[in-house]
Amino acid sequence: MQNIEMAWIFTELADLLEIKGEDVYKIRAYRRAAEVLANLEVPVKELSRQRLLSKVPGVGKAIEAKIEEILQTGQLSKHQELLKEIPRGVLTIKELPGIGPSRARKLYQELGVKSLDELELAAKERKIRDLKGFSAKLEWDILNGIDMVRNRQGRTRLSVARELAAEFISFIKLLPGVKQVDMTGSTRRWKETVGDLDLLAAAEEPAYPLDALATHPRVKEVIERQSNRIRVYTWWGLSVDLQVVPPEEYIPTLHRNTGCKEHYAKLQEIAQDKGLTLNHHGLTKGCGEEVLALQNENDIYHALGMSYIPPELRENRGEVEAALKDDLPNLIEVSDIKGDLHIHTTWSDSALELSEVANYCRNKGYAYAAITDHSRSLKIANGLEVSRLLEQHQIIREMNKEFEDFTLLTGVEMDILPNGDLDYPDELLEQMDVVIGSVHTAFKQSKKEITQRIMKAMENEHVDIIAHLTGRILGRRESYAVDVEALIETAAKTGTILEINSSPDRLDINEDYARLARDMGVKISINTDAHDTRRLDEIIYGVAVARRAWLEPHDVVNTYDLEELREVLR
DNA sequence: GCCGTTTTCGGCCCGACTGTTTTCAGTCG
């Protein structure tokens with residue numbers, strides 16, 4: 001039993017109790033325990049063995065007993081009982097926008113609705129609008145919400161796919177006879193969401209790796225099996241395809257499977273023009289008699305007379321033409337990042353202490369990191385009143401005296417209020433190193449209102465960066481209505497930096513807008529918006545968006561040295 | 001359900017928006 005699976009049981013328990021209308025604090029306690037368990041470095045089993053469970057914050061007598069029960073029996077009786085009472089489908093319904101625990105319960109109790117399909121039918125038959133607490137509009141919202149959730153169901157966030165991929169790869173790599181293994185497809189291209197996970201291995205004898213994957217603990221069931229490939233379904237809800245090829249076909253197959261299709265087709269055409277054939281056997285001359293030796297993918301591109309194209313660019317968006325002219329961008333790398341400009345601490349709603357941020361970022365090799373807690377109007381996140389903000393900045397300045405090679409920057413993530421006013425006066429903003437403006441309220445304003453609201457913030461000379469510009473949460477919340485093109489134009493005029501938020505469920509702005517911003521001369525900042533240490537490492541996903549947007553280091557302000565950065569922020 | 005302590009129980013992130021029940025429950029960030 002892994003910590004994450006244990007955490008998942010407690011999360012679902014909390015969800016079920018919420019639908020039953022149990023005490024909100026009890027529910028919050030389970031959620032908190034789940035969060036803590038998921039982030040523990042040590043296996044829960046080990047803590048139990050050493051009788052240290054009660055030392056874990058958020059774990060008291062009751063939860064400790066439940067953990068022990070799960071460790072011994074593999075499940076939790078209270079959880080199982082609740083599942084008999086409330087079908088899992090009701091939990092899915094609770095995820096719809098506008099539907100919370102109370103309405104989900106009502107739909108189940110009064111209409112017997114326990115799946116999205118049944119809910120859709122009930123909505124189409126107009127049975128929902130007459131329930132107390134519902135309306136015709138909500139019925140309509142439900143149908144839209146179902147569409148959104150269905151679209152999401154086919155897609156998995158990149159971070160989940162890559163973490164699973166890493167685990168499977170390190171597992172398969174150790175199997176006897178396996179020479180090489182890697183991910184391919186959209187996961188390798190770092191697309192923001194993926195349909196399934198494609199893996200490729202090189203081995204003379206395919207049966208062994210295929211058997212091993214079929215029995216891996218993360219695998220729920222085998223969907224399909226052929227002599228050299230297997231398709232399995234994981235507990236994470238993501239399908240995984242593993243193909244095994246002979247070692248000599250590994251590189252050409254890796255290249256072909258990475259795609260995208262249009263990119264590969266274009267390369268095949270170019271090969272043909274040169275009297276070559278490109279397919280999963282490799283590159284061949286004439287009628288297939290002479291096979292060119294390929295050490296890596298680089299050799300394929302060179303043989304076709306072009307420079308190497310990294311997986312992130314293989315989307316048929318002009319990369320082939322650019323590579324033929326040796327005119328590809330000098331893409332930004334994770335190692336170019338010199339600091340993170342959007343981090344929260346315990347002063348507002350994060351688990352990170354100021355000193356933790358400093359230590360972790362220094363160890364990452366950063367030269368600087370900006371502390372940007374929430375501003376005063378965001379009460380739920382414990383936003384900082386002016387006096388606390390000033391106090392925090394004083395402490396940061398004191399801390400900086402201790403560092404030689406590192407600087408904590410003072411800052412704030414300041415709410416842009418519904419009327420476009422800022423949450424703090426100019427006199428305060430001008431004292432800070434980094435001022436981020438962002439929208440956390442009144443998402444339902446009209447496109448014109450939100451656009452003008454953000455424009456107004458951009459026009460304030462003290463606002464340096466706009467964070468998560470569209471407000472989208474992948475698969476959960478559409479972006480608010482906003483004219484992004486117009487805002488990019490404004491940012492170009494005002495010199496405002498736009499954020500690529502690295503959080504895998506945001507990735508906001510997305511690659512298309514990032515590329516447009518670059519084309520219009522707008523600078524970008526790649527930030528994590530981290531609330532705990534683990535999330536400080538999510539910068540890789542923001543960098544991936546930047547790479548897919550063809551960004552170079554000079555497009556991104558947090559690749560700059562501190563002095564250069566200060567110049568831009570001034 | 002956890003925590004801290006005042007060691008036995010009260011406090012635990014708050015306030016705005018929505019749609020309509022026109023006074024508030026439900027949802028959201």
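Note: hydrogens, waters and symmetry copies are ignored here, and every other heavy atom, side chains too, is used. Throughout, a chain's letter reflects where its sequence line sits, starting with A, and its residues are numbered from 1.
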Counting distance only, does the side-chain N/O of A/R535 pair as donor-acceptor with the main-chain N or O of A/D529 below 3.5 Å?
no
Sidechain-backbone polar pair: A/D423 side chain, A/S377 backbone, donor-acceptor under 3.5 Å:
yes
Looking at [X], does any N or O in its side chain come under 4.0 Å of the phosphate oxygens OP1/OP2 on [N]?
X	N	value
A/K379	B/dC14	no
A/T441	B/dA16	no
A/R31	B/dG1	no
A/Y25	B/dG1	no
A/K137	B/dG19	yes
A/K66	B/dC2	no

Distance check, C1' atoms only: B/dT8 and B/dG19, in whole angstrom units.
43 Å
Is the A/H344 ring parallel, tilted or perpendicular to the A/H531 ring (thresholds 30°, 60°)?
parallel
Please tell me which of A/G58 and A/Q445 maps to the more 5' nucleotide of DNA chain B, matching each residue to the nucleotide holding its nearest heavy atom.
A/G58
Tell me which of A/V56 and A/K444 sits closer to the 5' end of DNA chain B, going by the nucleotide each one is nearest to.
A/V56
Does the structure show a Watson-Crick or G-U wobble partner for B/dC12, both distances under 3.5 Å? Name it, or say none.
B/dG1
